[in-house]
Amino acid sequence: MKKFFKSLYLQQRLFIALGILVVLFVFAFFFERLIDYFKIGFFVIIGLLVFDILLLYRTKNAIKASRHLPDKFSNGDKNPVAILVTNQYSSAIHLKIIDELPVQFQERNFEIKEFLQKSDSKTFPYTVRPTERGEYHFGGLHIFVSTTLGFAQRKFSFNQDAMVPNYPSFLQLRKYELMAFTNKLMDYGLKKIRRIGHTMEFEQIKDYVQGDDVRNINWKASAKRNQLMINQFQDEKSQPVYSVIDKGRAMKMPFEELKLVDYAINSTLVISNIALKKGDKAGMLSFSDKVSNQVMAQKRASQMNLILETLYNLDTDFKESDFARLYIDIKRSITQRSLLLLYTNFETMDALHRQLPYLQAIAKNHLLVVIFFENTELKELVQQPAVSTQEIYQKTIAEKFVYEKKLIVNELNKYGIQTILTEPQQLTVNTINKYLEIKARGLL
C-alpha cells in the first residue's frame, strides 16, 4: 500500500475540477434547487478519479524504459543520449520523462513530455554538453504516466545508475581527420602551403626521365654511370612534435564554459593525431610549478591512446607557472631537435618579459611555437560605441589590452620565436595551419 501511494500523483486537472465544484456549491446557497445536481457532479468527479486510477494500475509492469549512453563523453561537444520507452498499456498514454542528470550539468528542470500509442515503443533522444573532464554519474530514470482523463498520474522508477567518463574532445579529432581524408579542410580555414625549396629527405638516386627537375641531377653519379642520374626526395618524417600545456593559473580563465586549458587539451589531441598520420612522432607534457604528464614522442599504434589517457587526468591549478623548470626539463629529456607547441597565455608585456629569457633558451635548440589567446570579450567591448564617460574609460583600457597582445606577438617574433594569437574556438584550426606551414617550409 505504501508503494501504491508513493507512486500515485493527483493532477492539476482534478484540482481545477474540484475548485469549480466548490464555487458551484457556494453558488448553491442562493439556489438550493441546484445543490443535488452539484452533489451528483462531485460523485461523478470522484468516480472518474477512481476509474482513472484503475486504468493506470490495472497492468503491473505497464512501462519499460532504459537509458542508452555512449562509452565516454567528448568534452565541450554535444553528446547524444537516448531513452527507450515501451508502452504495454492497452490504450494510448501521456508521458513525462525525468532523467536524473549528473550534478556537473546543474540541470534541475529537465523533462520530456510525449504521447505514446498503445503497445508502442519510442526512443527519445537528447544531447548533453559536458565542460569538465572526469566522471559523470547518472541517477534514476523516472516515467510519469497519465491517461486521457488526466486526473491522476503513476510514477515508474528505473534504477539506471551509470557512470560515463568525460574525455578530451575525440569527436573533434574524428571531424578533422575525416575532413583531411575528404579534402574539406579549407572549409574550416586550413590553407594550402606552397613548398619552398627542398624541404624533403633524400630517398634514392634514380635514372633521369623527362619531366624530372634538372636541379636535382646528381652530376657525380651521372659521370660514373655515363648517363643522367637524379636525386629523389621524400617528405620528411619521424620528426618529434611535442604539445606543451601550461596548466598554471593563467590557463584557468573560462570561455564558453570551458577553461583555456581544455581548449589546449582538445587541440593537443587533434594535432597529435595529425602528426602521427603525417608520419611524425607525437608527444606531450604539461607544467605549472613542475613538469608532469610527460609522454615521450613516439610513432606507435598505442601512442594516441596513451596521450588520450594522459590528457584525461590533466587539470589546472592556481600555481605560478615555472618556465625555468620547464626549460631545465626540456633540455634534460628532449635531446633531439623538436617542434614544441607551447599552449600558454600572456596578458601583459611584463608577464612576457619575466619568461622571455627561458623561451629564448628553449628556442635555441628547438623550434618553439608560443600559442596564446585573444580575449574575445575585450574585442567585443572595443567594437561597441561608447556613449558615456565611464564607457569611454572602459573602452580605452580594453583597447590597451588588445594592443598589448599584438605587442607580445611582435616581441616574440623579434627573437625568432613563432607565435599564434588566436580566439579559443579557433585554436585547433590555427594550430594545424601552423604545423602544416612549418612542415611545408622545412623549418624543423
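Positions are given from 1, in the same order as the sequence printed here.
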Student: Give a yes-or-no answer on whether the side chains of Asn305 and Gln303 include a donor-acceptor pair shorter than 3.5 Å.
Tutor: no
Student: Would you kindly say whether Lys439 and Gln239 are connected by a side-chain donor-acceptor distance under 3.5 Å?
Tutor: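 Side-chain D/A pair, Lys439 to Gln239: present.
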Student: Side-chain contact test, heavy atoms from C-beta onward, threshold under 4.5 Å: evaluate it for Ile40 versus Phe38 and give yes or no.
Tutor: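 With C-beta onward as the side chain, the pair stays apart.
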Student: Side chains of Tyr167 and Glu309 only: does a donor on one sit below 3.5 Å from an acceptor on the other?
Tutor: yes
Student: Any side-chain heavy atom of Asp262 within less than 4.5 Å of one from Thr316?
Tutor: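 Answer no - side chains too far apart.
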Student: For the residue pair Ser288 and Asp317, confirm or rule out a side-chain donor-acceptor distance under 3.5 Å.
Tutor: yes
Student: At what distance, to the nearest 0.5 angstrom, does CD1 of Ile98 lie from NZ of Lys113?
Tutor: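 Result: 9.0 Å between the selected atoms.
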Student: Heavy-atom count check: over 12 atoms from other residues, nucleotides or ligands less than 6.0 Å from Tyr403 OH?
Tutor: no
Student: What pairs of residues pass the salt bridge (charged side-chain N to carboxylate O under 4.0 Å, His left out) test when at least one of them lies in residues 86-106, not counting sequence neighbours?
Tutor: Arg67-Asp99
Student: Kindly check if the number of other-residue, nucleotide or ligand heavy atoms within 6.0 Å of CD (Gln390) is above 12?
Tutor: no
Student: Using a 3.5 Å distance criterion without hydrogens, assess whether the side chain of Thr348 forms a donor-acceptor pair with backbone atoms of Ala351.
Tutor: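 Here the side-chain-to-backbone pair exists.
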Student: For the CD atom of Gln426 and the OG1 atom of Thr376, what is their distance to the nearest 0.5 Å?
Tutor: 11.5 Å
Student: Can you give me the closest heavy-atom contact between Tyr89 and Leu55, atom names plus distance?
Tutor: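 Shortest heavy-atom contact: CE2-O, 3.4 Å.
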Student: Between Arg129 and Asp77, is there a salt bridge with N-O shorter than 4.0 Å?
Tutor: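 The answer is no: the pair does not qualify as a salt bridge.
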Student: Within a strict 4.5 Å, meaning less than it, do heavy atoms of the Ile143 and Val85 side chains meet?
Tutor: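 A side-chain contact under 4.5 Å exists here.
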Student: Is Tyr393 atom OH crowded by more than 12 heavy atoms from other residues, nucleotides or ligands, each under 6.0 Å away?
Tutor: no
Student: Side chains of Gln172 and Thr428 only: does a donor on one sit below 3.5 Å from an acceptor on the other?
Tutor: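 The criterion, which ignores hydrogens and geometry beyond distance, is satisfied for Thr428 and Gln172.
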Student: Sequence neighbours excluded and cut-off under 3.5 Å, please list the side-chain donor-acceptor pairs for residues 144-159, or say none.
Tutor:
| from | atom 1 | to | atom 2 | distance (Å) |
| --- | --- | --- | --- | --- |
| Thr147 | OG1 | Asp52 | OD1 | 2.3 |
| Thr147 | OG1 | Leu149 | N | 3.4 |
| Arg154 | NH1 | Leu56 | O | 2.8 |
| Arg154 | NH1 | Thr59 | O | 2.9 |
| Arg154 | NH2 | Lys60 | O | 3.1 |
| Ser157 | OG | His142 | ND1 | 2.8 |

Student: Would a 4.5 Å heavy-atom cut-off, applied to side chains only, mark Glu411 and His353 as touching?
Tutor: yes
Student: Is it the case that more than 12 heavy atoms not belonging to Phe115 sit under 6.0 Å from its CZ atom?
Tutor: yes
Student: Anything under 30° is parallel, anything over 60° is perpendicular, the rest tilted; go ahead and classify Tyr136 against Phe105.
Tutor: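 Ring orientation, 0 to 90° scale: tilted.
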Student: Give the minimum heavy-atom separation between Tyr242 and Ala297, together with the two atoms involved.
Tutor: OH-N, 3.0 Å
Student: How long is the gap from CG on Leu314 to NZ on Lys247, to the nearest 0.5 Å?
Tutor: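 Output value for this atom pair is 5.0 Å.
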Student: Between Lys406 and Glu404, does any side-chain N to carboxylate O distance fall below 4.0 Å?
Tutor: no
Student: Check Arg325 with Asp329, please: is the shortest side-chain N to carboxylate O separation under 4.0 Å?
Tutor: yes
Student: Can a side-chain donor-acceptor contact be found between Asn87 and Asp120 if the only test is distance below 3.5 angstrom?
Tutor: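 No, because no side-chain N or O of Asp120 sits under 3.5 Å from a partner of the opposite role on Asn87.
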Student: Does the side chain to side chain contact (heavy atoms under 4.5 Å, CB included) test come out yes or no for Phe323 and Phe287, once each step is laid out?
Tutor: CA-CA 8 Å; Phe323 283 77; Phe287 75 101; 3.9 Å; yes
Student: Taking the cut-offs as 6.0 angstrom to the six-membered ring centre and 45 degrees off its axis, would you call Lys252 and Phe318 a cation-pi pair?
Tutor: yes
Student: Side chains of Arg249 and Lys319: closer than 4.5 Å at any heavy-atom pair?
Tutor: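 Contact flag for Arg249/Lys319 side chains = no.
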Student: In sequence, state the C-alpha distance, the side-chain angles, and the governing distance for Glu437 and Arg441, and then conclude on salt bridge (Lys or Arg N to Asp or Glu O under 4.0 Å).
Tutor: CA-CA 6 Å; Glu437 177 187 344; Arg441 294 174 61 189; 3.0 Å; yes
Student: Under the side chain to side chain contact (heavy atoms under 4.5 Å, CB included) test against Leu285, which residue among Leu326, Thr310, Leu340 passes?
Tutor: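 That would be Leu326.
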Student: CZ of Phe401 to CD of Glu374: how many Å apart, nearest 0.5 Å?
Tutor: 15.5 Å
Student: Are Thr396 and Lys400 close enough that some pair of their side-chain heavy atoms sits under 4.5 Å apart?
Tutor: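 Side chain of Thr396 against side chain of Lys400, heavy atoms only: no contact under 4.5 Å found.
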Student: So that I can tick it off, tell me whether Lys379 and Glu423 are bridged by a salt bridge, with the cut-off set at under 4.0 angstrom between side-chain N and carboxylate O.
Tutor: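 Between Lys379 and Glu423 there is a salt bridge, with a charged N closer than 4.0 Å to a carboxylate O.
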